[in-house]
Amino acid sequence: MTKIRLTNTKSRRKEAFEPIDPLNVRLYVCGPTVYDRAHLGNGRPVVVFDVLFRLLRHVYGERHVTYVRNFTDVDDKINAAAQARKEAGDPRSLEALIRERTDETIRWYHEDMDALGALRPTHEPRATEWIGAMIAMIGDLIAKGHAYEREGHVLFRVRSYRDYGALSGRSVDDMLAGARVEVAPFKEDPMDFVLWKPSDDGLPGWESPWGRGRPGWHIECSAMSYELLGASFDIHAGGIDLQFPHHENEIAQSCCAHPEGGFARVWMHNEMLLVDGRKMSKSLGNFFTVRDLLDQGWPGEIIRMVYLGTHYGKPMDWTAEKAEQARTTLRNWAEMVEGAVPGEVRAEVVDPLSDDLNTAGALAALNDLWKRKDAAGLLASAHLLGFDLQAIRHQPWAQPFAFEEVDGRFLREGIDYQPTLSVIGWGAVADRTRETAIAILHRWLALRHVGDFETADRLKSDAMRLGVELRAHKSPTGVAGGLAKLADRVDPAALEGLL
RNA sequence: GGCGGGUUGGCGGAGAGGUUACGCAGCGGAUUGCAAAUCCGUGAAGACCGGUUCGAUUCCGGUACCCGCCUCCA
């Protein structure tokens with residue numbers, strides 16, 4: 001069996017992965033707070049850990065992996081958005097406005113992550129549907145002396161958990177020295193964090209032994225992972241920015257409530273997405289959403305490939321150059337796979353993936369399969385990385401296109417025939433664009449024929465500027481032919497101006 | 001201030017204590033009115049300073065710089 005090795009943040013080492021139960025490998029990933037579109041940074045863990053999910057399914061079997069990713073749909077930013085709409089005159093209740101907003105955001109999230117080729121997790125619990133489990137866990141923590149109630153709040157007693165700070169490598173005393181901790185007067189200790197807080201009438205709330213209120217952020221992951229995966233499970237993952245305090249607090253809650261369990265064995269953290277060297281984040285405002293890129297015409301598969309080009313443990317930048325390279329690569333792969341039947345997933349692709357999810361290495365191995373013309377292996381192995389090359393082949397941006405004007409035949413450039421006069425592009429080409437390009441091609445060839453290279457070159461560079469590349473070649477009959485190669489977007493009106 | 005991570009050729013980005021990563025770009029050749037495309041070939045690296053070693057870019061220590069967390073955050 002394939003041996004998977006993963007870097008465990010807890011030990012800061014690469015460790016051999018041994019599932020607690022190979023018949024039910026359990027993975028929990030911290031999901032989004034659903035108040036807005038996911039930005040590109042939010043998409044990274046989704047794609048990275050989707051590859052992990054696929055790898056685990058590959059190794060242990062599809063039915064033997066359980067993947068949970070939550071939706072945080074109780075949050076002060078969500079409340080604020082709903083309150084703003086209510087104040088703007090919306091007659092509906094706050095709860096209704098919140099539910100509408102979170103439903104819509106979840107729908108967007110699914111659309112965008114589906115486009116990135118991410119499989120849906122086995123379970124996607126919403127925090128608001130597990131309030132009872134959270135209340136039960138909080139009650140248990142109070143009973144065990146790890147939490148206390150003050151003024152309608154319930155706080156976790158950080159000093160009661162000896163190992164607090166072990167995940168992120170800090171000590172409570174060191175952190176207090178930093179002293180950027182909010183100190184509410186009712187806290188026993190400045191490090192204590194909120195499990196439950198009171199809600200006034202203008203906020204959503206649930207009845208609890210401590211009055212009407214709402215849960216703190218960290219408790220939902222502890223409660224839902226316990227309910228769906230048990231007191232101990234295999235892997236807990238998320239962005240590195242969640243390591244502290246979110247994951248540290250989860251560990252404290254879960255290990256104190258269920259000391260027999262030990263919570264997650266392996267912790268994995270993906271590094272951040274950068275924009276101009278700075279972390280992409282909503283608070284800095286330097287973000288763009290996955291939807292923005294999709295709307296700009298970058299297919300999800302290309303975005304996915306750019307993500308996977310960098311190891312998850314390293315910071316990464318999004319650049320158009322990377323996306324263009326990914327597009328070229330995917331077109332190459334998709335073209336070769338025509339008519340191929342999937343073979344075995346190649347070991348040379350699984351091996352780097354098994355080595356701490358080295359997706360960049362796996363992509364290099366895929367490209368090697370392409371160069372060796374192993375279509376069956378490429379097709380199957382790319383699928384393990386979440387690329388459906390057969391489907392990509394049918395997408396407009398990846399389909400070679402040829403139009404043969406002289407005798408009206410429709411042939412594929414480079415596959416059936418080298419046409420004598422043709423327009424090629426990627427995807428459907430509008431009639432008007434094609435006809436204009438053909439007319440320019442005629443004129444260009446005529447100028448060359450009479451030896452007026454100066455005018456011909458000017459026409460060629462003008463056309464190039466508008467996204468039409470003119471080329472001459474010898475046709476199979478020995479007669480010079482012409483080819484107009486279209487960029488992804490060409491404005492036909494501007495092109496007509498050249499005639 | 002505390003804690004953690006990073007620094008590889010023009011760019012992106014891997015593995016391995018000693019043998020070509022790879023991709024893109026570049027360069028040379030074939031071809032070409034010029035170019036493009038294609039094919040063949042090819043140069044180029046491991047922040048800095050020490051240490052361990054027969055040998056380190058790969059291990060260890062230090063320095064510099066960059067980034068993240070310590071407040072919401074993937």
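Letters A, B, ... mirror the listed sequences (proteins, then strands); counts begin at 1. Quick note: numbers below take in every heavy atom, side chains included, and nothing from hydrogens, waters or symmetry partners. All values reported here derive from a predicted model rather than from experimental measurement.
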Side chains of [X] and [Y]: do they bring a donor and an acceptor to under 3.5 Å?
X: A:D50; Y: A:Y67; result: no
X: A:R346; Y: A:S381; result: no
X: A:D292; Y: A:T289; result: yes

Assign each of A:R12 and A:S281 to its nearest nucleotide of RNA chain B by heavy atoms, then name whichever residue's nucleotide is nearer the 5' end.
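Upstream on the strand: A:R12.
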
Let me know, please, whether A:K322 or A:L273 comes out on the 5' side of the other along RNA chain B by nearest nucleotide.
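Per heavy-atom nearest nucleotide, the more 5' residue is A:K322.
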
For the backbone of [Y] and the side chain of [X], can you confirm whether one donor and one acceptor N or O come within less than 3.5 Å of each other?
X: A:R126; Y: A:T102; value: no
X: A:E188; Y: A:R157; value: no
X: A:E248; Y: A:G165; value: yes

Please give the distance between the [atom1] atoms of [N] and [M] as a whole number of Å.
N: B:A25; M: B:G62; atom1: C1'; answer: 37 Å
N: B:G12; M: B:A44; atom1: C1'; answer: 15 Å
N: B:C34; M: B:G28; atom1: P; answer: 15 Å
N: B:G13; M: B:A45; atom1: C1'; answer: 12 Å
N: B:G61; M: B:C70; atom1: P; answer: 27 Å
N: B:U57; M: B:C69; atom1: C1'; answer: 29 Å

What's [X] touching, base or sugar-phosphate or nothing? Going by heavy atoms closer than 4.0 Å.
X: A:S168; result: sugar-phosphate
X: A:D457; result: base
X: A:N358; result: sugar-phosphate
X: A:G41; result: base

Please determine, for [N], whether a Watson-Crick or G-U wobble partner exists with both distances under 3.5 Å, and give it or none.
N: B:G1; value: B:C70
N: B:C11; value: B:G23
N: B:U38; value: B:A30

Step through the shown structure and confirm whether more than 12 heavy atoms of other residues, nucleotides or ligands are within 6.0 Å of CZ on A:R13.
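Atom CZ in A:R13 is not packed in, count stays at 12 or less.
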
Under a 4.0 Å heavy-atom cut-off, which of residues 286-312 of chain A touch RNA chain B?
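Correct list: A:G309, A:T310, A:H311.
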
Close approaches to RNA chain B from residues 42-52 of chain A, in residue order (heavy atom, under 4.0 Å)
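Heavy-atom cutoff 4.0 Å gives A:N42, A:P45.
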
Which heavy atom of [X] sits nearest a heavy atom of [Y], and at what distance?
X: A:K373; Y: A:M336; answer: CA-SD, 3.7 Å
X: A:R44; Y: A:H311; answer: NH2-O, 3.0 Å
X: A:W298; Y: A:I303; answer: O-CD1, 3.8 Å
X: A:V74; Y: A:P215; answer: CG1-CG, 4.1 Å
X: A:L495; Y: A:T433; answer: CD2-O, 4.3 Å

Look at the side chain of A:D317 and the base of B:G12, then say whether one donor and one acceptor between them are separated by less than 3.5 Å.
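Side chain to base: no pair present.
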
B:G23, B:G33, B:A14: which one has an atom nearest the side-chain heavy atoms of A:A360?
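It is B:A14.
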
Between C1' of B:C40 and NZ of A:K371, the distance in whole Å
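The distance from NZ of A:K371 to C1' of B:C40 comes to 14 Å, rounded to the nearest Å.
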
Under 3.5 Å, N/O pairs linking protein and nucleotides 66-69 of chain B:
{"unit_1": "B:C67", "atom_1": "OP1", "unit_2": "A:R278", "atom_2": "NH1", "d": "3.4"}
{"unit_1": "B:G68", "atom_1": "OP1", "unit_2": "A:K279", "atom_2": "N", "d": "3.4"}
{"unit_1": "B:C69", "atom_1": "OP1", "unit_2": "A:K279", "atom_2": "NZ", "d": "2.2"}
{"unit_1": "B:C69", "atom_1": "O2'", "unit_2": "A:R170", "atom_2": "NH2", "d": "3.4"}
{"unit_1": "B:C69", "atom_1": "O2'", "unit_2": "A:F244", "atom_2": "O", "d": "3.3"}
{"unit_1": "B:C69", "atom_1": "O2", "unit_2": "A:R170", "atom_2": "NH2", "d": "3.4"}

Would one find a side-chain N or O of A:K314 under 4.0 angstrom from OP1 or OP2 of B:A14?
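So the side chain of A:K314 is within the cut-off, an N or O lying under 4.0 Å from OP1 or OP2 of B:A14.
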
Determine whether A:E271 and A:T310 make a side-chain contact, defined as any pair of heavy atoms from C-beta on separated by less than 4.5 Å.
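They are not in side-chain contact.
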
